[in-house]
Amino acid sequence: MAKKFSKACRTRWLSTEKAIQGVFEDFTPLTQTLRVFNEEGDAPATDLLQQVAHIKFLGAVYILHHVLPALSHLSRAFQGGNVSFAAIEPAVKFTIDEIQDVADQQKPLKQLQKDLGDRLAECEMTLSDDAERKLVNLTNRYVSSLVENINSRFSNSLPVLTAFRIFDPLGVPEKSDDGTPIWPTGNGMTSRENDLLYGTADIKILAGHFYQCEENKEELEEELLCEWKKFKYNLLQLKSDIPLHVLKPPQKKNLTSPTPTEWLLQHLLSMRHSYQAFFPHLLEIAEICLSLPVSNAWPERGASAVKRLKSRLRSSLNNDMLASLMHVSINGQELRTSQCDNLIAETVKTWLVQPRRKIARGKEGNAVKRVDVAVQAEIGENDTVTQPDMDLSQTEPDQTFSTQDETNELHNVELEVAAAVSIMKLPEDSDSESGDSDFEYD
C-alpha cells in the first residue's frame with residue numbers, strides 16, 4: 001500500500017489540515033522512507049530528514065493537528081456556496097472556545113507524551129524537560145495569537161452580519177392556534193405584549209450602523225423600526241410562498257441553489273414598485289444585504305472553472321464563449337440525469353432546425369492553381385484573368401534605371417573586387433577562352 005502526502009498551502013486552512021493529518025498519521029513510515037533515501041545519498045531526502053526527525057517539528061505537527069480542525073470548521077462556514085447569517089456568530093464562538101481549550105488542557109503535549117511510548121517508539125525520539133517547556137510556551141503563544149486575530153477580524157463586523165438574520169423567513173415563528181403571532185423574547189414569554197420584540201434588537205444594530213453619520217439618525221431609526229413592525233406580518237405570508245427547490249435544493253446543487261434569505265431579498269427588490277411606499281428603508285438595507293460578498297466560494301469556484309476550461313490547448317477562447325462554458329460548468333445540470341437528458345435533447349433539436357452554412361464545392365480537375373508572389377488563388381476552368389497592357393512610355397521616371405547609374409555602380413564593384421584580390425594575393429583570373437583551364441575536356 002502506498003500513500004501520497006498532500007502539499008501544504010499557506011492560503012487555505014483546509015489543504016493545510018490535510019497535509020498535517022497525513023504527516024501525523026504516517027510520521028513513522030515517513031521518517032523511515034527518508035532514512036532509506038538518505039543512505040542512498042539522496043540530497044533532498046537528507047535535507048528533509050534533518051528537518052523532520054526533530055522533536056520541535058513533531059511538536060508543531062501535534063499543535064496544528066489539534067488546532068486546524070477548529071479553524072477548518074470556521075473556514076467551511078464561509079467557503080460554502082451559501083452563508084447563513086445566523087450561523088456566523090456561533091461558528092466564530094465555537095472556534096474560539098475550541099482553540100482556547102487546546103491551550104488550557106495542553107492537548108498536544110499530553111498526546112505527544114503518550115504516542116512517543118506507543119506508536120512512535122520506532123522513531124527513537126525523546127521529549128526532554130526543556131522541550132516540554134518550549135512546547136507549552138509555543139502552544140500558548142500560538143493559541144493566543146489565533147484568538148486575537150479572529151477577534152480583530154470579527155469584533156466590529158460580527159454584530160452587523162448577525163443582524164441580517166432577520167431576513168430569513170424560516171426564522172420567523174409560527175402563529176398560535178388563534179392566529180396570533182408568537183414572537184419569542186428570550187425570557188420565556190410568548191404573550192401578545194411581546195410580539196413586537198422579535199428582531200427589534202437586530203433592527204437597532206442595523207440602524208446604528210447605517211445611520212451613524214446621518215444628522216437625523218434618531219428619526220431614521222424610528223422609521224425603520226415602524227417599517228419592521230409591519231414587515232414581520234409580510235414575512236409570515238411570504239414564508240408559505242417559498243418554492244420547493246429553495247426549501248429542498250436538489251442533490252449536489254445546494255451550493256448553487258438560492259437560500260430562503262436570498263429568495264426573500266430578490267423578491268423584495270423585484271417587487272420594489274409595490275414595497276417602496278411601505279418599506280423604503282428596509283429595501284435599502286435588503287439591497288445592501290443581497291450584495292454583501294460574505295462567501296468566497298463563488299470567486300474560487302469561478303477561478304477553478306477558468307483553469308479547467310481555458311487550458312493551454314484552448315487559450316484562444318474568446319470571452320463570450322468562455323463565459324458560456326463557465327455558466328454551463330457551474331450552473332449546468334448533473335450528468336446522467338433526466339434533467340440533463342431533456343436539456344441535451346432540446347438543444348439538439350434547436351441545432352438541427354437552424355439553417356446550415358453552405359460550403360462551395362468545385363469539381364475535381366476543374367481548378368487550376370495560380371501562384372503569385374504574394375497571393376495564392378484557385379481559378380476555375382471558365383474563369384479568365386485579364387491583365388491590362390503595360391505602356392512603358394507611361395512608366396514613372398523613378399521606376400526606370402538609368403544607364404549611367406548602372407555603369408558607375410559596375411565600375412565601383414570592379415574596383416572593390418580588384419582591391420580584395422590584391423590584399424588576399426589571389427592569382428589573376430584568366431579568360432574562359434584562353435584554353436589554359438585546369439579542367440580539360442576530351
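Contact check for Phe279 versus Asn234: side-chain heavy atoms found under the 4.5 Å cut-off. Within the 4.5 Å cutoff, side-chain heavy atoms of Pro169 are placed close to those of Leu264. The shortest distance between side-chain heavy atoms of Lys229 and Ile203 does not fall below 4.5 Å. The side-chain heavy atoms of Lys204 and Leu225, taken from C-beta on, include a pair separated by under 4.5 Å. Within the 4.5 Å cutoff, no side-chain heavy atoms of Leu224 are placed close to those of Trp228. Residues Leu127 and Leu109 form a side-chain contact, since some pair of their non-hydrogen atoms from C-beta on lies under 4.5 Å apart. Contact of the Met321 side chain with the Asn318 side chain is registered, since non-hydrogen atoms from C-beta on lie closer than 4.5 Å. Residues Phe164 and Leu206 have side chains in contact (heavy-atom distance under 4.5 Å, counting atoms from C-beta outward).
Looking at residues two or more places apart in sequence or on another chain, you find a side-chain hydrogen bond (donor to acceptor under 3.5 Å, both in side chains) between Thr46 and Asn38.
Between Gln111 and His66, the side chains place a donor N or O and an acceptor N or O closer than 3.5 Å (distance only, hydrogens not considered). With 3.5 Å as the limit, one finds no donor-acceptor pair spanning the side chains of Thr28 and Glu122.
Annotation for Phe57 and Val52: closest pair CD2-O, 3.4 Å, computed over non-hydrogen atoms. Considering all non-hydrogen atoms of both residues, Arg35 and Leu49 come closest at CG-CD2, 3.7 Å. Pairing each heavy atom of Lys310 with each of Leu317, the nearest pair is NZ-O, 3.8 Å. Closest non-hydrogen pair, Gln212 versus Gly208, comes out as CB-O, 3.2 Å. Listed here is the closest heavy atom pair of Ala103 and Thr139: CA-CG2, 4.2 Å. The shortest heavy-atom contact between Asp168 and Pro260 is OD1-CB, 3.9 Å.
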side-chain hydrogen bond (donor to acceptor under 3.5 Å, both in side chains) evaluation trace for Glu262 with Gln266:
CA-CA 6 Å; Glu262 292 176 342; Gln266 293 173 359; 5.2 Å; no
Determine, stepwise, if the pair Gln113 / Glu132 fulfils side chain to side chain contact (heavy atoms under 4.5 Å, CB included).
CA-CA 9 Å; Gln113 291 174 343; Glu132 290 184 4; 3.1 Å; yes
Please assess Leu290 against Leu268 for the test side chain to side chain contact (heavy atoms under 4.5 Å, CB included), listing each intermediate value before the final yes or no.
CA-CA 11 Å; Leu290 186 60; Leu268 292 177; over 6 Å; no
Salt bridge (charged side-chain N to carboxylate O under 4.0 Å, His left out) between Asp130 and Lys134, intermediate numbers included:
CA-CA 6 Å; Asp130 183 64; Lys134 290 182 179 180; 3.4 Å; yes
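By the 4.0 Å N-to-carboxylate-O rule, Lys107 lies close enough to Asp101 to be salt-bridged with it. A salt bridge does not link Asp97 to Lys93: none of the charged side-chain nitrogens sits closer than 4.0 Å to a carboxylate oxygen.
Taking the six-membered ring where the residue is Trp, Trp263 and His267 present parallel rings, their angle staying beneath 30° rather than reaching 60°. The aromatic rings of Tyr62 and Phe24 lie perpendicular to each other, with more than 60° between the two planes, well past the 30° mark.
Among the candidates Leu146, Val147, Leu71, Val67, the single residue satisfying the side chain to side chain contact (heavy atoms under 4.5 Å, CB included) test with Thr95 is Leu71.
Rounded to the nearest 0.5 angstrom, Glu227 CD and Glu222 CD are separated by 11.0 Å. Considering CD of Glu223 and CG of Leu282, their distance stands at 11.5 Å, rounded to 0.5 Å. For the atom pair CG (Leu170) and CZ (Arg165), the distance works out to 15.0 Å, reported to the nearest 0.5 Å. If you take CZ on Arg119 and CG on Asp26, they are separated by 8.5 Å, rounding to the nearest 0.5 Å. Annotation: the span from Ile99 atom CD1 to Tyr142 atom OH amounts to 8.0 Å, rounded to 0.5 Å. Considering CG of Leu238 and CE of Met271, their distance stands at 9.5 Å, rounded to 0.5 Å.
The side-chain tip of Arg272 does not point at the ring of Phe278 from less than 6.0 angstrom away and within 45° of straight on.
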